[in-house]
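Here is the structure we will look at, set down as structure tokens.
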Amino acid sequence: MLSYFARRVWQGFLVIVVIICLNFFLIHAAPGDPVNALIGTMAPTPEYMEQVRREYGLDEPLLWQFLRYAARMAQFDFGESLRFRQPVIDIILARLPATLLLMGTALVLSSTVGIVLAAAAAKFRDSWVDRVLTTTSIVGFAMPAFWLGQLMLIVFALNLNWLPAQGMYSLRAPSDGFGRVLDILRHLILPALTYSVYHLALIYRLTRVKMHEALAQDYIIAARARGVAEHRVVYVHALRNAILPVVTIIGLNFGFMLAGSVLVETVFAWPGLGRLFYEAISARDYPVLMGIFTLVSGMVVIANILTDMLYAVIDPRVVYG
Amino acid sequence: MTSSTHAGGGAEVAGSEPLLNVVGLQTQIRSDRGTITPVDGVSFHIKAGEIVALVGESGCGKSMTALSTMRLVSSPVSVTGGQVVFEGTDLLGLSDRQMRRMRGGRLAMIFQDPMTFLNPLMKVADQIVEAILLHQPVKRREAEKLAVEALRRVRIPAPESVAERFPHQLSGGMRQRVLIAIAITSNPSLLIADEPTTALDVTVQAQIMHLLADIRRTAGTAMLFITHDLGLVAEYCDRVYVMYSGRVVEEGSVFDIFAKPRHPYTRALLRSTLSPGTKADDFVSIQGHPPAAFDRIAGCRFHPRCPSVLDRCRTEEPPTRRDAAGAAACWLEGAA
């Protein structure tokens, strides 16, 4: 099993290397000139534009730029942001905790609530509980996050004024201790809910189907035949088996969740990676974009390896070799 | 519906009450295409310590009869009629909770395919312990000891180590032993065995059958043995019920059924079984197919396939005629 995971880590490493290379060319193939974005709105002279281009090494041949980029990447140097003139790694690391907090909350919320509701719906199959939940889940599944987010803003922040609309902290809130935690939590509620809805619907629908499959298995009849009570049949025998494929989907979804963070963080001005990504695109801040790409692909690769390891723990039939 | 005329018997048992007395059991499946009745007025009884066979082709309703007896059917399948009197109690009248206490306690069941009837994510020990804790007033540690004991009882070598394994690490025969161990932990008075050896190798089949026969001998457990293997019936069973298309068409002692079968279906079934003495010319497969689920056949349900069909077989259902040797539902019975 150890050699299997050593191999998986090595493969993951290769994947990241390929992604780093692709990132570079992908971004350079995109339209728009970073020099324009750097200089801003004033009309520059061609000489000045040329000077800026030289300063940032953007006048060199693409291949040469790539080799310099690759050499720096090998030393974990993501370069300097064109916009902030700070090391990319510092900017990303400053934004990472906010995204992890938001994503982690959404991941835990959508997975647990989705699985619990699905198990209940499967136990009372075709009852009104099942119908209401399943119909609602279609709505949740179909609703775009940016639209739902703005709706939440209008209702809970603007009209009802229950929760803050933007950002992660209030300026007037205490800067440390319990008050700060509470302040962040208040800011977290709306984006985390918005973020969760799609994944909750996805996890719910998947788990419900897997529960129906599990409940039709022979070992369920055998459990009933030895006198096991129905709630134990559903929540122990069926649910444990139904959850296995769901775990895989949650792990694979990690990448999609990171992609979704761009929308949600932009709507709620959440100071995380997603918004940084959006800002970097607007500013054509190539180094930041590539840094985020690299970090995100690394996180997805790690998430997949962790999912595999978790699978080995919860399914005794899985043998790695 | 004239289910009363198809009662396979049970009512005539005088003196000692049978352990299990099923009368006019009817099970239906409701679907958008209509209602089908896979078990249509089935009656049988089992006395304490007796091994009774329920035989018939695939789809004749024998497994459904077993599941209905255990009340293990669920929507869209439901038991719609009859009585299942077990140790003096009609199981169909019990609450779900009372029925649960019965299952795996006094009344246990084992199944056809041991590959799929054990939970793949639970250790063998945990699945046995689960059954013990449900039916016996013991603590978990004690239950674990009893679980190993149960494995020893079904002659599993190195029971302590097998207990710690997962189902997929065991062979088919071992898994069936584990299922038997789970079933007999609480010393049931009746064990329903639904084709327990069909999915196993022939040598393993014999071991499992010996084990079941031993359990009957040592613990006095009665068994309802569902099979289509008449060889096993001849070797291990006391009495036989033959089912066709949801009904019991013949019953009798193993000796009578094999020596002088009365129903043409039973005769056809016997002729289609290979044994060492069978010559190729004597082996005859039954022509045609069992009726499909939605077919409604007038008269005797076997008449389209019956070699000795009479005119009245096509229109009138034959009553069950009973004598000292057994019973059969066939118009030839009256004519003979």
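Proteins get letters first, then strands, A, B, ... in listed order; numbering begins at 1 in each.
The shortest heavy-atom contact between A/N241 and B/P120 is OD1-CG, 3.4 Å. Scanning both residues, B/M109 and A/A225, for their nearest heavy atoms gives CB-CB, 4.3 Å.
At most 12 non-hydrogen atoms from other residues, nucleotides or ligands lie less than 6.0 angstrom from CZ of B/R30.
Contacts of A/R125 with chain B are absent, with no heavy-atom separation under 4.5 Å from either backbone or side chain. Of the atoms belonging to A/I220, not a single heavy atom falls under 4.5 Å from chain B. When heavy atoms are compared at a cutoff of 4.5 Å, B/L67 approaches chain A solely by way of its side chain, counted from C-beta outward.
You'll find the side chain of B/F111 reaches within 4.5 Å of the side chain of A/I221, heavy atoms only. Between B/Q127 and A/R226 the shortest side-chain heavy-atom distance falls below 4.5 Å. A 4.5 Å side-chain heavy-atom check between B/L121 and A/H237 finds every atom pair outside the cut-off.
Your options are A/D315, A/V228, A/L244, and the one with the most heavy-atom pairs under 4.5 Å with chain B is A/V228. Interface remark: of the candidates A/R240, A/E230, A/R232, A/R317, A/R317 forms the most heavy-atom pairs closer than 4.5 Å to chain B.
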